[in-house]
Number of protein chains: 2
Amino acid sequence: MQQSQSTAEVMTLRDKEYKCGIDVTLALVGGKWKASILWHLAQDTMRFSDLQRQFADTTRKMLTQQLRELEGDGLVHRKVYPQVPPKVEYSLTEQGKSIFPILEMMCDWGSNYLKAANTP
Amino acid sequence: MQQSQSTAEVMTLRDKEYKCGIDVTLALVGGKWKASILWHLAQDTMRFSDLQRQFADTTRKMLTQQLRELEGDGLVHRKVYPQVPPKVEYSLTEQGKSIFPILEMMCDWGSNYLKAANTP
DNA sequence: TGGTAAGGTTCCCTGTAGGGTACCGTGTTT
DNA sequence: AAACACGGTACCCTACAGGGAACCTTACCA
């Protein structure tokens, strides 16, 4: 209420409208793998194959796709080494790093929620 | 597979598996309207019709659905007054309140992100 | 001469989150 | 006798996020 009502303006990002910063954040990291990817990259720059190993239960295609979107949104930096076979390193941009505290809280909150849910 | 620091085990919630608390949190508040609903309820207990007014761009059906899920997840409390016409009040549970700091950060982060994106 | 490496892309398919519309119940007011 | 109040439910439909499988590139090595 205070947020969107007081400004009364709609926020737009890539042709989509958002009433509130929350929706923007969710649009950026709400994908099925994005938050986890950011979480992992926060600890280390990683090669594509490293990420594949971490996310063994998804496909190369999904990883590529999510990474490209994160890159397009300025949260992840993609560095290609011009060599064969290819070498590509992913790391967080400053903006990507800035979301880490939120991810941390989400991680803790989710764990605590489950703990509470599983101890009736 | 092994998630970095916080857990080595797979977490389950209502038959679904999560590798990390982040995914749990997203599963609970990642719906299209849930975070915003929690956000609004954090400021006030609200009647269903209040929420309808706040979320004028969704349908009664969607609101009901999201609210019921939030209730089922223990984040929202639903109080029915036995009268005609019906009166139903929604409020946050303690668990629902506990996620507010995250929503606040998400709101700020999203706004800042847009601000940065729109001033190149 | 073909296997392998890493990091993709292309095409096609599916499940489901999200949504539209219409109807319900029951007291009170016009 | 009908309209309205409020908070729903029932039924049906669609777009698109997510996913599976196969193919691509290019240098090197056996």
Side-chain angles (χ1 to χ4, degrees), chain A residues 13-19 22-37 40-41 45-73 76-91, chain B residues 13-19 22-37 40-41 45-73 76-91:
Chain A
L13 173 63
R14 271 183 277 100
D15 294 340
K16 300 202 173 175
E17 301 193 341
Y18 303 94
K19 288 177 305 182
I22 295 179
D23 296 330
V24 174
T25 304
L26 282 176
L28 294 178
V29 307
K32 185 161 182 187
W33 308 98
K34 289 186 182 175
S36 297
I37 290 174
H40 280 275
L41 288 183
T45 290
M46 295 180 92
R47 293 188 58 170
F48 185 79
S49 45
D50 294 330
L51 288 166
Q52 268 192 95
R53 232 162 283 129
Q54 287 298 326
F55 297 90
D57 50 346
T58 188
T59 60
R60 229 173 2 250
K61 189 203 133 199
M62 280 312 296
L63 265 188
T64 314
Q65 186 178 301
Q66 304 280 307
L67 284 165
R68 287 297 159 83
E69 291 180 18
L70 288 170
E71 188 195 5
D73 292 333
V76 158
H77 176 69
R78 179 167 175 267
K79 177 164 188 185
V80 181
Y81 293 81
Q83 63 186 45
V84 170
K87 174 178 175 181
V88 179
E89 276 182 354
Y90 291 94
S91 56
Chain B
L13 174 62
R14 271 182 274 100
D15 295 341
K16 299 202 174 176
E17 301 194 341
Y18 303 93
K19 288 177 305 180
I22 296 178
D23 296 330
V24 174
T25 304
L26 283 176
L28 294 178
V29 306
K32 185 159 180 187
W33 307 97
K34 289 186 181 173
S36 296
I37 290 174
H40 281 274
L41 289 182
T45 290
M46 296 179 92
R47 293 187 58 168
F48 186 79
S49 45
D50 294 330
L51 288 165
Q52 269 192 93
R53 232 161 284 127
Q54 286 298 326
F55 297 91
D57 50 345
T58 188
T59 62
R60 232 176 356 252
K61 191 204 132 198
M62 279 312 296
L63 265 188
T64 313
Q65 186 177 301
Q66 304 280 305
L67 284 165
R68 288 296 160 85
E69 291 180 17
L70 289 170
E71 187 195 6
D73 292 332
V76 158
H77 177 68
R78 178 167 175 267
K79 177 165 188 184
V80 181
Y81 294 82
Q83 63 186 47
V84 168
K87 173 178 175 182
V88 179
E89 276 183 354
Y90 291 93
S91 56

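The figures here come from the full heavy-atom set of this structure, side chains too, leaving out hydrogens, waters and symmetry mates. Lettering of chains follows the sequences in order, A, B, ..., and the numbering in each one begins at 1.
The side chain of A:T58 approaches D:dG19 more closely than any other nucleotide in the set C:dA6, D:dG8, D:dG19. Comparing atom distances between the A:V84 side chain and each of D:dG8, D:dA27, C:dG7 picks out D:dA27 as nearest. Of the listed nucleotides (D:dG8, C:dG7, D:dG7), D:dG8 has the atom at the smallest distance from the side chain of B:R78. The side chain of B:T59 has C:dT21 as its nearest neighbour among C:dG25, C:dT21, C:dG8. Set against C:dG7, C:dG19, D:dG7, the side chain of B:R47 has D:dG7 as its closest nucleotide. Distance from the side chain of A:K32 is smallest to D:dG19 among C:dG7, D:dG19, D:dG8. Comparing D:dG7, C:dG19, C:dA6 by their nearest atom to the side chain of B:P86 picks out D:dG7.
Rounded to whole angstrom, the span from the CD atom of A:Q52 across to the P atom of C:dG8 amounts to 9 Å. Rounded to whole angstrom, the span from the CD atom of B:Q83 across to the C1' atom of D:dC4 amounts to 16 Å. Between the CD1 atom of A:I37 and the C1' atom of D:dG18 there is a distance of 13 Å, rounded to whole Å. B:E89 has its CD atom 17 Å from the C1' atom of D:dG8, to the nearest Å. We find that CZ of B:F55 is positioned 16 Å from C1' of C:dG19, with the value rounded to whole Å. Between the NZ atom of A:K34 and the C1' atom of D:dA17 there is a distance of 10 Å, given to the nearest Å. The CG-C1' distance, from B:D50 to D:dA5, rounds to 15 Å in whole Å. Counting to the nearest Å, the P atom of D:dC6 and the NZ atom of B:K87 are 12 Å from each other.
Considering all non-hydrogen atoms of both residues, B:V29 and A:L26 come closest at O-CD1, 3.9 Å.
Within residues 61-73 of chain B, the residues approached by DNA chain D to less than 4.0 Å at the level of any non-hydrogen atom are B:K61, B:T64, B:R68, in residue-number order.
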>> Under the criterion salt bridge (Lys or Arg N to Asp or Glu O under 4.0 Å), I'd like the reasoning laid out for B:R47 against B:D50: C-alpha separation, chi angles, the key distance, then a yes or no.
In response: CA-CA 5 Å; B:R47 293 187 58 168; B:D50 294 330; 5.6 Å; no
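Using a 4.5 Å cut-off on side-chain heavy atoms (C-beta onward), A:K19 and B:F55 make contact.
Residue pairs meeting the side-chain hydrogen bond (donor to acceptor under 3.5 Å, both in side chains) criterion with at least one partner in residues 61-72 of chain B, sequence neighbours excluded, are B:K34-B:E69.
Counting non-hydrogen atoms under 4.0 angstrom, B:Y90 reaches the backbone sugars and phosphates but no base.
Using five terminal pairs a side, the axes of the helix from C:dT1-D:dA30 to C:dT30-D:dA1 at its two ends make an angle of 30°, given in steps of 10 degrees.
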